[in-house]
Protein chains: 2
Amino acid sequence: MKRKPSTEATSAWIRLMRVQSRVLDCVEQDLKKAGFPPLAWYDALLELSRAPSGELRPVELERQMLIPQYSTSRLIDRLVDEGLACRRECKIDKRGQFVEITEAGRELQKRMWGAYSAAIEKYVGSKLSDADAVKLSGLLDRLGCSCGEMKLPPIVHANETTPSR
Amino acid sequence: MKRKPSTEATSAWIRLMRVQSRVLDCVEQDLKKAGFPPLAWYDALLELSRAPSGELRPVELERQMLIPQYSTSRLIDRLVDEGLACRRECKIDKRGQFVEITEAGRELQKRMWGAYSAAIEKYVGSKLSDADAVKLSGLLDRLGCSCGEMKLPPIVHANETTPSR
DNA sequence: GCAAGATTGATGCAGATGCATCGAATGGGG
DNA sequence: CCCCATTCGATGCATCTGCATCAATCTTGC
């Protein structure tokens, strides 16, 4: 039952780790150079903007983003500090609250998407044919599911192309 | 010249990010539960153990591991504190030094490989056929090269199978 | 209706990271 | 030979993360 990892699996693992950290670095760097906040902010803003009335419970945001609870809590603090979101009381559960994206938040999200999508194109799109991108997605999906209980949110993560304006 | 990213590229990007962070989390968690230090320590110990006489210049370690200089510096501090490595003077360049792995370091590296390889098998090997692992590696490689100047070190990163003992 | 347990979100603290900068040493012109 | 640009490695500081824990509230079982 206890197999040793194939060299192929090990090599795939190593590449997965190295390539994503490298590519992520490049993308974050581009965004930062363009004067934008970290990608996590974008992710949060996007989730909020896609929510029914632009608001989510922190606990939902947390589950969407797959980050720890305290991390969500502090991310929200920062968004609120910057006026990108605001806290709203939650009448049906007084432990909780809602976080609502502001107009400034929506705007920033859209502006970031411009730089973000350009970076994705630069570091991913231009290196892979559509067909290969699909293959890659498929292979990755198989890894993703069920490390414990994985919940890949619906799929779309980015706006449709060119959302600003 | 300025294309918008294909949905395929975007979707591949999202999966790459989410899957690796998820899988990495799982692996790190397993290691931590087994009482081992973070993976970065393993990487450093492995690089050192594979070096000619078990020693490297910090700057080489830094380039192998693709982490920032100050990060290397502090990682070495911790390894030295734990007796896993020691600093040696560098006679040919007095700015620098050598870092040499100790016997304890080599041992830890081998013990970690046991847990590490098991985790890789659990989270990667068991989900992917060898053939698919090869395909995945190939696709990832295409992404890796030349975000700036990528240097994927030679390939092997892990010991040959079952190195401990 | 109530006590026990679970869930939500915040926070104090220790340790880690990013950034800028520093001092020391090297190496290359002129 | 000397100066200057560059490389090597360390570190002060602000920020960020992980962990444990807290108080408040909700839910469940009785």
Side-chain angles (χ1 to χ4, degrees), chain A residues 21-22 24-33 35-44 47-48 51 55-82 85-100 149, chain B residues 21-22 24-33 35-44 47-48 55-82 84-100 149:
Chain A
S21 79
R22 194 73 165 102
L24 177 58
D25 245 47
C26 292
V27 171
E28 288 252 34
Q29 217 52 37
D30 278 16
L31 282 245
K32 178 176 297 189
K33 267 185 273 181
F36 289 116
L39 260 185
W41 292 33
Y42 175 82
D43 286 342
E47 292 301 337
L48 289 174
E55 56 185 19
L56 283 175
R57 298 285 299 267
V59 68
E60 305 187 78
L61 193 54
E62 169 194 338
R63 285 197 267 259
Q64 285 295 315
M65 297 184 61
L66 304 172
I67 57 178
Q69 179 270 320
Y70 54 80
S71 189
T72 314
S73 179
R74 284 167 178 149
L75 176 54
I76 293 170
D77 283 350
R78 285 167 220 144
L79 295 180
V80 171
D81 283 352
E82 298 295 326
C86 56
R87 296 179 201 271
R88 298 221 163 289
E89 106 181 278
C90 174
K91 306 196 194 251
I92 58 177
D93 182 345
K94 286 197 189 142
R95 288 168 306 182
Q97 62 191 257
F98 280 102
V99 178
E100 186 184 2
E149 15 48 46
Chain B
S21 79
R22 193 74 164 99
L24 177 57
D25 245 47
C26 292
V27 171
E28 288 252 34
Q29 218 52 35
D30 278 16
L31 281 245
K32 179 178 294 191
K33 268 185 273 183
F36 288 116
L39 260 186
W41 291 34
Y42 175 82
D43 287 342
E47 292 302 337
L48 289 175
E55 57 184 18
L56 283 176
R57 299 285 299 267
V59 69
E60 305 187 80
L61 194 54
E62 168 195 338
R63 286 198 267 258
Q64 285 295 316
M65 297 183 61
L66 303 172
I67 57 178
Q69 179 271 319
Y70 54 80
S71 190
T72 314
S73 180
R74 283 166 178 150
L75 176 54
I76 293 170
D77 283 350
R78 284 168 221 143
L79 296 181
V80 171
D81 283 352
E82 299 295 327
L84 301 169
C86 56
R87 297 180 200 271
R88 299 220 161 289
E89 108 181 276
C90 174
K91 307 193 193 253
I92 58 177
D93 183 345
K94 284 195 189 142
R95 287 168 306 182
Q97 62 190 257
F98 279 102
V99 179
E100 186 184 2
E149 16 48 45

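A, B, ... follow the sequence lines: proteins, then strands. Residue 1 opens every chain. These numbers come from the heavy atoms of this one structure, side chains and all, not from hydrogens, waters or symmetry mates. Please read these numbers as outputs of a predicted model, since none were measured by experiment.
Minimum heavy-atom separation, A:Ala85 to A:Leu48: CB-CD1, 4.4 Å.
Residues meeting the salt bridge (Lys or Arg N to Asp or Glu O under 4.0 Å) test with B:Lys91, sequence neighbours left out: B:Glu89. Residues forming a side-chain contact (heavy atoms from CB on, under 4.5 Å) with B:Gln97 (at least two apart in sequence, or on another chain): B:Pro58, B:Arg87, B:Val99. With sequence neighbours left out, the side-chain contact (heavy atoms from CB on, under 4.5 Å) criterion links B:Ser73 to B:Gln69. Residues meeting the side-chain contact (heavy atoms from CB on, under 4.5 Å) test with B:Arg74, sequence neighbours left out: B:Tyr70, B:Asp77, B:Arg78. Remark: A:Glu60 engages A:Leu56, A:Arg57 in a side-chain contact (heavy atoms from CB on, under 4.5 Å) (not counting sequence neighbours). Not counting sequence neighbours, the partners of A:Glu100 by the side-chain hydrogen bond (donor to acceptor under 3.5 Å, both in side chains) test are A:Arg88.
Computed from coordinates, the A:Gln97 CD to C:dT7 P distance equals 18 Å when rounded to whole Å. Atom CZ in A:Arg87 sits about 10 Å away from atom P in C:dG9, given to the nearest Å.
Annotation: side chain of A:Leu24 is in contact with side chain of A:Leu39 (closest heavy-atom distance under 4.5 Å).
Sorted by residue number, the members of residues 68-75 of chain B with any non-hydrogen atom under 4.0 Å from DNA chain D read B:Gln69, B:Tyr70, B:Ser73, B:Arg74.
A distance of 9.5 Å separates CG in A:Asp43 from CG in A:Leu61, rounded to the nearest 0.5 Å. From A:Ile76, atom CD1 reaches atom OG of A:Ser71 across 10.0 Å, with rounding to the nearest 0.5 Å.
Taking for each of A:Gln29 and B:Trp41 the nucleotide of DNA chain C with the nearest heavy atom, the 5'-most of the two is the partner of B:Trp41.
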Short N/O separations, protein against nucleotides 25-28 of chain C, under 3.5 angstrom:
from   : atom 1 : to      : atom 2 : distance (Å)
C:dT26 : OP1    : B:Lys94 : N      : 3.1

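Taking only side-chain nitrogens and oxygens, A:Arg57 comes nearer than 4.0 Å to OP1 or OP2 of C:dG9.
Contacts between chain A and DNA chain D, taken as any atom within less than 4.0 angstrom of a protein heavy atom, begin and end at D:dC16 to D:dC26.
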